[in-house]
Every structure is written in C-alpha cells, then in structure tokens.
Amino acid sequence: MDFRPFELDLEEPFTTAQGTITSRDGFLIRVEHEGVIGVGEATPLPGWTESYEDCREALEAAESAASEGSGAALEAVEETAAARHGVSLAIADLYATRAARPLYQYLGDASRVARVPVNATVGDADPDSTAQAVRRAVDRGFRSCKLKVGSRSFDDDLERVQRARSAAGEEVELRVDANGAWTFDEAVRAIDELAEHDVSIVEQPLPGGALEGHAELRGRGVRIALDEGILEHGVDAICSAEAADVLVLKPMALGGLDVAREIVAWISELGIEPLVTTTIDGVVARTAAVHLAAAIPDVRPCGLATGDLLADDLGRDPVFIEKGAAVVPQAKGLGIDDIWGATE
Ligand SMILES: [Mg+2]
C-alpha cells in the first residue's frame, strides 16, 4: 500500500462548523496485489472526520501494517473515518477489479443498475433567484431539488419554498435542508407550511444535538432527515430514539462503503430510508458514493451531483449527471482510468 497527498481548490469557499475552507486536502491511496491495482481516497473534513494530520498518521500506520495483510492495514485505520474510507475503498476496488465486476455489483447483488437518481442542490439566495435556480434544475431534468434554508429570515425562507414550488410544478420533489438552524417552535411552524407546499423531506431542522426534538417533529406531514445528527449521536442512538425517517449517509464520515452498507441494511429493516451524499470529495470518493447508491435497491434521489463544487479534480470523472441521474460506471472496479499514474 502507498499513498500521496493532494489539494483540490473549491469553486467557492465552503463554511463548516469548524470554519471556512477554500480547498479539500486529502490523500490518494493505492494497493496492489498480483499486478491488480485498487485506489481509494481519504479526504478528511474536520468536524466530520479526523483532522488532516491524524489522517496522515493513520495512513502511515496502515502502510507499515499492510505487509501483514489487508486486515492489519484496516485495523490501523479503525478509529479514523476518512483514512478507513480510503484504505477500505482501495481494497474493495482491487477485489472488484479482480472479479471483473463494477464496484456496485461487488457491494450489492449482480443485477445491472444503469443510473441512480440525484437531487439538485439550490443554495441560499433571494426568492427570485431561488425560483430561477429551481427552474433551471428542472429544465436540466432534475426531478428532485433540495433548497438550503436557515441562512435568512424565516419568512423569506418560506417565501422561497413557495416560489420554488411554483417554479418546479407539482411533479418535482422538493426538500429543504436547514442544517440545524431552527428552534423547535420555528420548526413546527415551518413544517406546517412545508407540508402545504408538498415538501417531502426536511433535513436537520434542529441542531445536531437534538434527538427528542426531532422525534417529536416526525409525523407532521414532512419526513425528518438527520445528517449532522449522525455525527453527534451515531446511528444507534437515532434509531433507539426513533428520531428520523431518513438518514443522510456520507461514506467518508462513516469510515467507508462497507460501514455504510451495514448501516443501510440495518436501518432499512427499521423502515428508515437511506440517502447517500459526499463530503465534497475528489472524483475517487464521489464515484465510490455513486457505486454505494447503485447498490441500494430503489434508492431515492441522492446528493451525488457535487463535482461542480471543486475547481479542479484528481482525474477524469467517469460519472455523467444526466437528466437528474448519475450514470453508473460499468467498467470493473470503480471504473476510473489510471488515476495514480495520471496524478504522479
Ligand atoms: Mg445536510
């Protein structure tokens, strides 16, 4: 196993709870066995994963341990989600490549999946611009739009939702993501209005720490999705508290595709719906997330159209976003051309 660092500039600065970032810094990982190569990506997002330094240290430990086998390499990254994502992905890519199957078939069953539906994300903007952005997304074929809310006044956001619904027509799914911006009373009021505009999902209406609150918000006509809440409490506590109808799964933050797959199996049995998204990653991790979504039967539109947020990338993107769907690569493994050689 070996790895090397990379830095990818973002199109626009991105604000997380830990501050504003202008680039995504991470590591490309390669494993090789009997001439077959697998690649993975570890792109830590502080707040969601370990720090960059901790990620690098964990990968160094995995590199040393790898001579004892892939189990030892994985053990070295057990506590660091992004590093584990990278190492486990490289191993999975290698196995899938050796089996001459696309990664999603290696993760799931053998049936062919051509496309996975994706949602458009509409950032914060005034009501006019919001309506225009929704219209553009619908014209490009998106059947699901997610509006970021919570950055401006409550009434402005409600007006944006109303305008978005008029622009989208009745058939397009609308969701909102409040990123934890609302109080409980605001959320109750918002959900009544959102239900009237046939918004299907509200993501993280209350801060990540709120479990009881989210449980109480369920059943009011709009399904409750948790994203930041998973980071705060873990999937186990959310399920016990019956705090979500939908969980937003970020493979990089969860420690890898295999971990995400286990969570999907487990929550599906409880009737909780999984959605897959990224932490604004390079092409290797984004493509991996597409394969994960393709391995989930009848997955609902996922947040996988995030490549545009990067100003540069690790290599050619094998995934086309077309008419509101990601076209799933059918080549063996991840389906990415020699990216290690290309970035050398
Ligand atoms: Mg979210």
Side-chain angles (χ1 to χ4, degrees), residues 10 12-21 24 43-49 81-82 117-125 130 133-134 137 142 144-152 157 160-161 164 173-182 186-187 190-191 194 199-211 213-214 217-218 222-235 238 243-254 260 263-264 267 272-281 285-286 289-290 292-293 296 299-310:
L10 291 168
E12 307 267 348
F14 178 77
T15 303
T16 74
Q18 312 288 309
T20 299
I21 55 170
R24 294 290 287 123
T43 312
L45 186 59
W48 285 93
T49 70
V118 298
N119 65 268
T121 301
V122 175
D124 178 56
T130 299
V134 168
F142 284 96
S144 175
C145 290
K146 177 167 106 170
L147 260 55
K148 289 281 189 179
V149 296
S151 295
R152 54 185 62 223
D157 269 337
R160 292 173 65 226
V161 171
E173 180 193 36
L174 279 188
R175 305 174 181 168
V176 301
D177 186 352
N179 291 111
W182 289 332
E186 283 174 331
I191 286 170
L194 296 175
V199 170
S200 63
I201 294 174
V202 56
E203 204 172 302
Q204 206 65 55
L206 309 175
L211 268 193
H214 283 117
L217 290 175
R218 292 180 61 211
V222 181
R223 287 183 305 152
I224 304 297
L226 293 193
D227 184 352
E228 289 89 339
I230 299 177
L231 185 65
E232 198 105 6
H233 294 285
V235 174
I238 292 170
D245 301 290
V246 178
L247 289 182
V248 180
L249 305 179
K250 294 173 158 65
M252 190 68 74
L254 294 171
I263 292 172
V264 168
I267 67 174
I272 301 173
E273 189 178 8
L275 295 178
V276 180
T277 188
T278 73
T279 38
I280 315 183
D281 306 318
R286 292 202 313 278
V290 170
L292 171 64
I296 301 172
V299 71
R300 308 264 299 147
C302 287
L304 296 168
T306 61
D308 292 350
L309 301 171
L310 292 173

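Whatever order the structure lists them in is the order used to number ligands and atoms, beginning at 1. The analysis underlying the following values was restricted to heavy atoms, covering all of them including side chains, and did not include hydrogens, waters or symmetry mates.
- A side chain to side chain contact (heavy atoms under 4.5 Å, CB included) with L249 is found for exactly one of I230, L275, T277, D227, namely I230.
- If you look at D177 and ask which of its N, O or S atoms sits nearest the Mg ion (ligand 1), the answer is OD2.
- Here E228 fails the criterion, with no N, O or S atom under 2.8 Å of the Mg ion (ligand 1).
- When you scan the N, O or S atoms of D227 for the one nearest the Mg ion (ligand 1), you land on OD2.
- Residue F14 forms a side chain to side chain contact (heavy atoms under 4.5 Å, CB included) with just one option from L309, I280, T20, and that option is I280.
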Would K148 and D177 count as a salt bridge (charged side-chain N to carboxylate O under 4.0 Å, His left out) if you check the C-alpha gap in whole Å, the side-chain angles of each, and the deciding distance to 0.1 Å? CA-CA 5 Å; K148 289 281 189 179; D177 186 352; 3.2 Å; yes

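- In E203, the N, O or S atom that comes nearest to the Mg ion (ligand 1) is OE2.
- No option in S144, C302, P301 other than P301 meets the side chain to side chain contact (heavy atoms under 4.5 Å, CB included) test with P117.
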